[in-house]
Amino acid sequence: MKRKILFFVIPLLAFVPGFVYGAGCSTANLIRCLDSSCAINIGANPAARCQYCGSSSAGEPEKSMAMKSVSAGSAAKYSISDKELKKAPEDPGERYVWTIKKCLEKMPDCTSEDVEDNYDSLIEQSCKAAGIAADFSRLAKDVNTAKTKSTCSTEISACIINEKHCLTGYRNCESDEDFDKQFSDCGIIHVGCDEYLSEIRSTLIAARDKAVKSADEILQKIVLAYQNARQQTLESTIESCRDNSAKENCINSVCRNNMRNKCEVGYEYEQVVAGELCKFHDIACSRLQ
């Protein structure tokens with residue numbers, strides 16, 4: 001997860017005001033700042049960093065915990081305020097990018113590498129805690145639960161096309177390797193379906209292949225439509241060059257909208273100025289011929 005997050009974050013940081021490769025970064029203050037957005041109520045909820053700034057798979061923080069509560073020694077200067085947090089994205093990945101940007105604005109001596117070296121591991125630890133908690137919760141609820149073939153098919157099919165797995169249309173599972181990984185995850189989540197998994201997989205693979213083929217056909221139609229539209233636009237432009245209508249329309253528009261006397265009789269110099277402003281049509285048409 002560490003590299004996956006940073007590959008997305010780092011290109012964005014070039015646009016952060018005050019972003020410099022400095023050497024005076026305070027690790028403690030940097031963590032305080034990041035925690036003020038990513039570790040709300042961390043004392044009561046060890047999974048907070050993962051839920052806020054790690055993965056949507058970790059679930060949402062409990063509403064009763066949604067009050068800002070970070071370490072007692074946090075300095076307001078290096079913390080993101082409650083007012084600022086109201087604008088924080090809800091998606092964990094987007095929130096992490098937003099948080100890093102805010103903290104680097106407050107701490108210009110710190111860099112994305114400082115974040116990577118000191119904070120990504122804390123998120124990973126939090127996600128491990130969230131995963132362990134989720135596993136125990138699921139096992140306590142689902143172990144030894146018998147299910148029918150119909151129930152298993154419905155549950156796993158819904159799981160596969162969920163946004164956390166293959167997505168509708170199977171866009172994340174076009175290869176068998178990707179599909180099998182997501183199918184395995186869904187099989188683990190929905191226990192009690194082992195005897196039906198092979199048949200369900202075959203059915204979903206067929207559905208995946210059909211969806212991918214249909215998507216390719218639709219994409220080809222879209223590409224063809226754009227090609228036709230581009231060709232029609234090109235032909236129309238060439239025709240307007242032949243009869244000089246495009247330049248004439250440009251001159252009329254400039255006269256109507258930009259010239260004080262609208263290029264009327266007696267103000268022919270305005271017509272000359274408009275012609276110079278629209279001369280780019282001559283240059284463009286010369287390249288098309």
Engineer: Are C152 and C193 within a span of less than 2.5 Å, counting SG to SG?
Structural biologist: yes
Engineer: Which atom pair, heavy atoms only, marks the closest approach of G54 to P92?
Structural biologist: N-CB, 3.6 Å
Engineer: NZ/K102 to SG/C33 distance, rounded to the nearest 0.5 angstrom?
Structural biologist: 10.0 Å
Engineer: State, yes or no, whether a side-chain contact exists between C110 and V115 at a heavy-atom distance under 4.5 Å.
Structural biologist: no
Engineer: For Q51, is there any backbone N or O sitting under 3.5 Å from a side-chain donor or acceptor partner on S55?
Structural biologist: no
Engineer: Is a side-chain donor or acceptor of S126 paired with a backbone partner of C50 at a separation under 3.5 angstrom?
Structural biologist: yes
Engineer: Mind checking whether Y119 and T99 have side chains closer than 4.5 Å, heavy atoms only?
Structural biologist: no
Engineer: Decide, yes or no, whether a salt bridge links D209 with K213 under the criterion of side-chain N to carboxylate O below 4.0 Å.
Structural biologist: no
Engineer: I'd like to know if the side chain of S286 and the backbone of I283 have a donor-acceptor N/O pair within less than 3.5 Å.
Structural biologist: yes
Engineer: Say whether, by atom type as modelled, one donor and one acceptor occur between the side chain of E84 and the main chain of S81 under 3.5 angstrom.
Structural biologist: yes
Engineer: What's the spacing between I156 CD1 and Q182 CD if we round to 0.5 Å?
Structural biologist: 13.5 Å
Engineer: Do the non-hydrogen side-chain atoms of I205 and F183 ever get within less than 4.5 Å of each other?
Structural biologist: no
Engineer: Do any N or O atoms from the side chain of S214 and from the backbone of K210 form a donor-acceptor pair under 3.5 angstrom?
Structural biologist: yes
Engineer: For Q231 and Q227, test the side chains for any donor-to-acceptor distance below 3.5 angstrom and give the result as yes or no.
Structural biologist: no
Engineer: Tell me if a side-chain donor or acceptor on N261 pairs with a main-chain N or O of E264 at a distance below 3.5 Å.
Structural biologist: no
Engineer: Give me the atom names and distance for the closest heavy-atom approach of I42 to A48.
Structural biologist: CD1-CB, 3.8 Å
Engineer: So which atom in M259 and which in A274 form the shortest heavy-atom distance, rounded to 0.1 Å?
Structural biologist: CE-N, 4.0 Å
Engineer: Shared ILVMFWY cluster between Y267 and L277, side chains joined below 4.5 angstrom?
Structural biologist: no
Engineer: Return the minimal non-hydrogen interatomic distance between C38 and Y52, and the atom names on each side.
Structural biologist: O-CB, 3.6 Å
Engineer: Using a strict 4.0 Å threshold on nitrogen-to-oxygen distance, state whether E177 and K181 make a salt bridge.
Structural biologist: no
Engineer: Answer yes or no: is there a side-chain heavy-atom contact under 4.5 Å between K128 and Q125?
Structural biologist: no
Engineer: Just checking E163: does its CD atom have more than 12 heavy atoms from other residues, nucleotides or ligands closer to it than 6.0 angstrom?
Structural biologist: no
Engineer: Identify whether V273 and I251 are in the same connected component of the hydrophobic contact network (ILVMFWY, side-chain heavy atoms under 4.5 Å).
Structural biologist: no
Engineer: Under a 4.5 Å cut-off applied to non-hydrogen side-chain atoms, are V265 and E268 in contact?
Structural biologist: yes
Engineer: Do S37 and R95 have side chains that get closer than 4.5 Å, going by heavy atoms?
Structural biologist: yes
Engineer: Is there a side-chain hydrogen bond (donor to acceptor under 3.5 Å, both in side chains) between E270 and N258 once you walk through the steps?
Structural biologist: CA-CA 10 Å; E270 290 185 347; N258 304 102; over 6 Å; no
Engineer: Are the side chains of I80 and K106 in touch, meaning some heavy atoms are under 4.5 Å apart?
Structural biologist: yes
Engineer: State whether the side chain of T203 and the backbone N or O of E199 hold a donor-acceptor pair below 3.5 Å, judged by distance alone.
Structural biologist: yes
Engineer: Salt bridge check: are E124 and R49 linked by an N-O gap of less than 4.0 Å?
Structural biologist: no
Engineer: List the steps, then state whether side-chain hydrogen bond (donor to acceptor under 3.5 Å, both in side chains) holds for S153 with S150.
Structural biologist: CA-CA 5 Å; S153 179; S150 176; over 6 Å; no
Engineer: What's the spacing between E235 CD and R230 CZ if we round to 0.5 Å?
Structural biologist: 12.0 Å
Engineer: So, taking the atom named CG in D114 and the one named OG in S26, what distance separates them when rounded to the nearest 0.5 Å?
Structural biologist: 10.0 Å
Engineer: Is there a salt bridge (charged side-chain N to carboxylate O under 4.0 Å, His left out) between R201 and D180 once you walk through the steps?
Structural biologist: CA-CA 9 Å; R201 180 185 180 280; D180 287 339; 2.9 Å; yes
Engineer: Locate the shortest heavy-atom distance separating Q271 from C263; write the atom from each residue and the value.
Structural biologist: OE1-CB, 3.4 Å
Engineer: Judged by atom type as modelled, is there a donor-acceptor pair below 3.5 Å linking the side chain of S240 to the main-chain atoms of A246?
Structural biologist: no
Engineer: Side chains of S236 and T233 only: does a donor on one sit below 3.5 Å from an acceptor on the other?
Structural biologist: no
Engineer: Taking K262 for its side chain and R256 for its backbone only, find out whether a donor-acceptor pair lies under 3.5 Å.
Structural biologist: yes
Engineer: Enter the distance from L34:CG to C53:SG here, rounded to the nearest 0.5 Å.
Structural biologist: 8.0 Å
Engineer: Do F179 and V212 sit in the same hydrophobic cluster, where Ile, Leu, Val, Met, Phe, Trp and Tyr count as joined when their side-chain heavy atoms come under 4.5 Å apart?
Structural biologist: no
Engineer: Would you say the side-chain atoms of R208 pair up with the backbone N or O of E174, donor to acceptor, closer than 3.5 Å?
Structural biologist: yes
Engineer: As an exercise, state the distance from CD1 of I160 to CG of L204, rounded to the nearest 0.5 Å.
Structural biologist: 6.0 Å
Engineer: Answer yes or no: is there a side-chain heavy-atom contact under 4.5 Å between C159 and H165?
Structural biologist: yes
Engineer: Strictly by modelled atom types, are Y96 and D120 linked by a side-chain donor-acceptor pair under 3.5 Å?
Structural biologist: yes
Engineer: Under the side-chain hydrogen bond (donor to acceptor under 3.5 Å, both in side chains) criterion, do S245 and E248 qualify, and how do the steps go?
Structural biologist: CA-CA 5 Å; S245 60; E248 290 177 0; over 6 Å; no
